[in-house]
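Everything below concerns the one structure shown next.
All values reported here derive from a predicted model rather than from experimental measurement.
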Amino acid sequence: MQRTLLALLCITLGGIPVFCQVPGYLGKRLSIQAEFHSMPALNGPTANNRGLQTHYGDKGGGFALNWNAGLRAGYVTSRSNQVLASLDYFKTGMIQDAYSPSSSFGSPEYDSHALFYNITGITGGIGTRGFATEKGALAPMGRYSGFSLNATFLRGDILDKRTSYSDPFSESHAPLGIDAKALLFSLGFETGVNFVVKDRLLLNVGAKFNLPLSPRVYRYAFGEEYDWYPYNPDTDYTFAEGNTENFKTLATTRAALHNLVMLYIGVGLLP
C-alpha cells in the first residue's frame with residue numbers, strides 16, 4: 001500500500017510543470033550596440049556651424065546639430081536588470097575671449113584675442129537599465145529606463161584667432177598659455193525600447209537627459225561666475241592661469257549644453 005501511494009505521489013509531482021526563465025534572450029546575456037545620439041543645437045556654436053552668435057566671424061545662424069556616437073556593452077544580471085559600460089565621442093564648437101600682456105604703455109595694458117575652438121569630447125560611463133517586466137519586457141529586450149554616471153574628457157583646438165591690440169602699431173604679444181583640457185562629470189537618465197528584430201539583431205530607440213555635476217557650470221549658467229579678465233581685483237591669476245580657467249568654465253558649460261538632451265538610435269548584436 002505504501003509503495004502504491006509513493007508511486008502515485010511521484011507520478012503526480014512529475015506531472016506538475018515547472019517554469020524556469022533563464023535571464024537574457026534565449027540565455028544570451030551579453031549585448032553590444034552602436035548608438036548615435038543627436039538633437040538640434042538651440043544655443044551656441046557647433047564644430048561645423050558657428051551657431052547663433054553672429055558677432056563672431058563671417059558665419060553664424062542657420063540649422064545645426066549636437067551629436068555624439070559610441071558603443072554600449074551590456075550584461076543581463078536578472079530578468080529585469082542589465083549593467084552597462086559605454087564609450088562615446090563628440091565634437092562641437094566654442095568661442096572664448098583670451099588675453100595677453102601688451103607691449104604698449106597705453107591703456108588697457110593687455111591685448112584681447114577672440115578664439116574659435118573645435119572641442120572634442122570622449123565620454124566613459126557605467127550604468128544600469130531596468131526593464132518593465134510587468135509590461136512584457138525581459139532584459140535585454142522591451143521597454144526600459146536607466147541611470148548612468150559619466151566622465152567626459154574635453155580637449156580644445158584653436159581654429160581661428162582674431163586679435164585686438166592695445167597698440168594698433170604693434171603686433172608683439174606674449175603666448176596665451178592655455179592648457180586646453182577640461183573634465184566634466186554628469187549623471188544620465190534614459191528611457192527607451194530595445195527590440196530583437198531578427199535572430200540576435202537588436203534595434204534600440206530612446207531619449208537621454210544628462211545632468212552636469214560640475215559646480216562651475218551652474219555658477220556660470222546662473223551668473224555667479226564670470227569670465228576672468230586681466231587685473232581683476234578678485235583674483236591673482238597670471239594671464240596663462242586666467243585664460244586656462246576661462247577655457248575650463250566655457251568648455252564644460254558648452255559640453256553640458258551639447259549633451260543635455262539627446263534622442264538616439266542604436267543597432268547591435270547578442271553574441
Under 3.5 Å, is there a donor-acceptor pair between the Gln82 and Ser31 side chains?
yes

Looking only at side-chain N and O atoms, does Asn81 offer a donor or acceptor that is under 3.5 Å from a partner on Tyr144?
no

Within-4.5 Å side-chain heavy-atom neighbours: [X] and [Y]:
{"X": "Phe195", "Y": "Leu202", "value": "no"}
{"X": "Tyr89", "Y": "Thr120", "value": "yes"}
{"X": "Phe131", "Y": "Arg79", "value": "no"}
{"X": "Thr128", "Y": "Leu84", "value": "no"}

Check step by step if side-chain contact (heavy atoms from CB on, under 4.5 Å) holds for Gln33 and Asn194.
CA-CA 11 Å; Gln33 289 184 304; Asn194 228 354; 3.1 Å; yes

Do any N or O atoms from the side chain of [X] and from the backbone of [Y] form a donor-acceptor pair under 3.5 angstrom?
{"X": "His258", "Y": "Thr92", "answer": "no"}
{"X": "Asp160", "Y": "Phe116", "answer": "no"}
{"X": "Asn210", "Y": "Asn259", "answer": "yes"}
{"X": "Thr252", "Y": "Thr249", "answer": "yes"}
{"X": "Ser214", "Y": "Leu184", "answer": "no"}

Please name the pair of heavy atoms, one in [X] and one in [Y], separated by the smallest distance, quoted to 0.1 Å.
{"X": "Leu263", "Y": "Ala207", "value": "CD2-CB, 3.7 Å"}
{"X": "Pro212", "Y": "Leu260", "value": "CD-CD1, 4.5 Å"}
{"X": "Gln96", "Y": "Asn243", "value": "NE2-O, 3.0 Å"}
{"X": "Ala98", "Y": "Leu115", "value": "CB-CD1, 3.7 Å"}
{"X": "Ile119", "Y": "Gly156", "value": "CD1-CA, 3.7 Å"}
{"X": "Thr244", "Y": "Gly177", "value": "OG1-O, 3.5 Å"}

Can a salt bridge be assigned to the pair Arg72 and Asp88 using a cut-off of 4.0 Å between side-chain N and carboxylate O?
yes

Residue pairs passing the salt bridge (Lys or Arg N to Asp or Glu O under 4.0 Å) test with at least one member in residues 245-257, sequence neighbours excluded, are Arg216-Glu245

Does the ring centre of [Y] sit less than 6.0 Å away from the ring centre of [X]?
{"X": "Phe209", "Y": "Phe189", "answer": "no"}
{"X": "His113", "Y": "Tyr99", "answer": "no"}
{"X": "Tyr110", "Y": "Tyr229", "answer": "no"}

Using a 6.0 Å cut-off, check whether atom [atom1] of [X] has over 12 heavy atoms from anything other than its own residue.
{"X": "Arg219", "atom1": "CZ", "answer": "yes"}
{"X": "Tyr237", "atom1": "OH", "answer": "no"}
{"X": "Leu201", "atom1": "CG", "answer": "yes"}

Does one hydrophobic cluster hold both Ile158 and Met94, with members joined at side-chain heavy-atom distances below 4.5 Å?
yes

